[in-house]
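Step one of this worksheet: look at the structure below.
We're numbering straight along the sequence, starting at 1. Atom set for the values below is all heavy atoms of this structure, side chains included, hydrogens, waters and symmetry mates excluded. Numbering of ligands and ligand atoms starts at 1, following listing order.
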Amino acid sequence: MDVVIVGAGQAGAALAAKLRALNHGGAVTLIGEEDSPPYQRPPLSKAYLMGTMAEDRLWLRAPGFWAENAITLRLGQRVDAIDRAARQVVIGEERIPYDALVLTTGASPRRLPDAIGGGLEGVFCVRSLADVDRMRPAFRAGARLLVVGGGYIGLEAAAVASKLGLGVVLIEAAPRILGRVAAAETADHIRALHRAHGVEIIEGTGLERLLGETRVTGARLADGREIAADFVVVGVGVQPGDGLAVAAGLALDNGIATDAFGRTSDPAIWAAGDCASFPWRGGRIRLESVGNAIDQAEAVAANLCGANRPYAAKPWFWSDQYDLKLQIAGLNCGYDRVVTRGGAAPSFWYYRGAELLAVDSMGDARAYMVGKRLIEAGKSPDPDLVATAPDLKALL
Ligand code: FAD
């Protein structure tokens, strides 16, 4: 069985490697539109942006890995279409046949419309290595950065900029930062951290437009305030990379819809990573994280090799800001209560009724580890114990 994988990012690379680890004997072709070999994105808004991590440390595998494992890596090539009837993918004039096709096309950042200045010079988004290489020279001490969007990527960029001595203003249209992903307790902790480092955070105020003729010079906010800026980083979320699937008529539902095994509505086509939504607790979910990209891709690889095993997601995530390592286990969707375990490195525990859903740890590695193990085991400790137990490990 010949497998073609479209998208040579975190999920695509994990999938190709896992197929070989499982002794898949057919051809494996991994096609990516970026010129770089498969790389990890998290450092792009952290150590790589800061300048403390070299480019070659981003590569997911040593350069020789692909050829050594008989994986045909085709970089700098964009797949234009899928011909489902012929079981081929199309790149320009070329057609590449497949027995099984996997879409690991990731996601692309939402951009600000040109009508409000999104196309001005000096306006950057943060998704690819090329994006970051373009914007990194602007991170000079003394420069003024405006970050649009108070999600993890915007906050990480703000932290790096502040550490490098830039003046940073971050604006968030929603009532508070991290509104989509975390509780107010976590947002309060992160906001205080940024303010202590001199970052100005403005919440509940939208952007009216970016200002400037050809190059951005600042922004006018919805309340009429004007902010001067030398450049702008936009972190306002992503759209799943479902363009090929849309054109091919595959079922969609917040991304490419798969069943529990990773298969799309076409049995010969599978999907994994940021582009794919899958069944979760009676509904569907699409996750944007390294852990999910790897685990889901490896589950698809196993199923391509005949495992016939549903994907059991074990969500986890992290973010580095200043010296804080924020770690998250579980998914907080549907929480009705947040329990605080206080201290210098607090953690916030999300419950729905008596059920523990997720933990956000502000630098307490033990809280993260214990929370993750509890959630994965389906155990829900008494919230009062979580808040007060001298040793969390006793909860296990
Ligand atoms: P990607 O890694 O995006 O790979 C998809 C690839 O497919 C891309 O290279 C794209 O160019 C290619 N592609 C798309 N369409 C085509 C086509 N038609 N033909 C050929 N190639 C195509 N997650 C965490 O868990 N922790 C973090 O701290 C964290 N930090 C992050 C920081 C940044 C700046 C970013 C951008 C992401 C971060 N993430 C983090 C998220 C994580 O990187 C993603 O969830 C992960 O990369 C998803 O893997 P993927 O393979 O699905 O998509």
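When heavy-atom distances to ligand 1 are checked against a 4.0 Å cut-off, D320 has no atom that comes that close, whether in backbone or side chain. With a heavy-atom cut-off of 4.0 Å, D80 does not touch ligand 1 at all. Both the backbone and the side chain of W318 come within 4.0 Å of ligand 1, judged by heavy-atom distances. At a heavy-atom distance under 4.0 Å, no atom of V132 approaches ligand 1. In Q40, neither the side chain nor the backbone holds a heavy atom less than 4.0 Å from any atom of ligand 1.
Of the protein's non-hydrogen atoms, the one nearest atom 50 (P) of ligand 1 is A11 N, 3.9 Å. For atom 12 (C) of ligand 1, the nearest non-hydrogen atom of the protein is G7 CA, 3.7 Å. Ranking protein heavy atoms by distance to atom 1 (P) of ligand 1, first place goes to R41 NE, 3.4 Å. Counting only heavy atoms of the protein, atom 13 (N) of ligand 1 lies nearest to E33 OE2, 3.5 Å. Here the heavy atom of the protein found nearest to atom 52 (O) of ligand 1 is D274 N, 2.9 Å.
Which parts of ligand 1 touch V126 is read off a 4.0 Å heavy-atom cut-off, strictly below it: atoms 34 (C), 36 (C). Close approach of ligand 1 to Q10 is summarised as follows: ligand atoms under 4.0 Å from at least one heavy atom of the residue are 2 (O), 47 (O), 49 (O), 51 (O). Each of the following atoms of ligand 1 lies closer than 4.0 Å to a heavy atom of E34: 8 (C), 9 (O), 11 (O). Atoms of ligand 1 found under 4.0 Å from any heavy atom of G273, numbered from 1 in the order shown, are 52 (O). Short contacts between ligand 1 and T104, defined as distances under 4.0 Å to a heavy atom of the residue, involve ligand atoms 5 (C), 6 (C), 7 (O). Distances below 4.0 Å separate heavy atoms of E288 from the following atoms of ligand 1: 45 (O).
Annotation: Y311 is in aromatic contact with F278 [ring centroid separation under 6.0 Å].
Taking the centre and axis of the six-membered ring of Y368, the NZ or CZ atom of R373 falls outside the cone set by 45° and 6.0 Å.
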Can you give me every donor-acceptor pair (side chain of residues 220-231, partner residue at least two apart or in another chain, under 3.5 Å) with its distance?
| residue | atom | partner | partner atom | Å |
| --- | --- | --- | --- | --- |
| R220 | NE | E226 | OE2 | 3.0 |
| R220 | NH1 | E208 | OE2 | 3.2 |
| D223 | OD1 | R225 | N | 3.0 |
| D223 | OD2 | R225 | NE | 3.2 |
| D223 | OD2 | R225 | NH2 | 2.8 |
| D230 | OD1 | R144 | NH2 | 2.9 |
| D230 | OD2 | R144 | N | 2.7 |
| D230 | OD2 | R144 | NE | 3.3 |

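A salt bridge does not link R286 to D274: none of the charged side-chain nitrogens sits closer than 4.0 Å to a carboxylate oxygen. By the 4.0 Å N-to-carboxylate-O rule, E121 lies too far from R134 to be salt-bridged with it.
As a member of the Ile/Leu/Val/Met/Phe/Trp/Tyr network built from side-chain separations under 4.5 Å, V359 groups with V339, W349, Y351, L356, M369, V370, L374, I375, L385, V386, L392, L395, L396.
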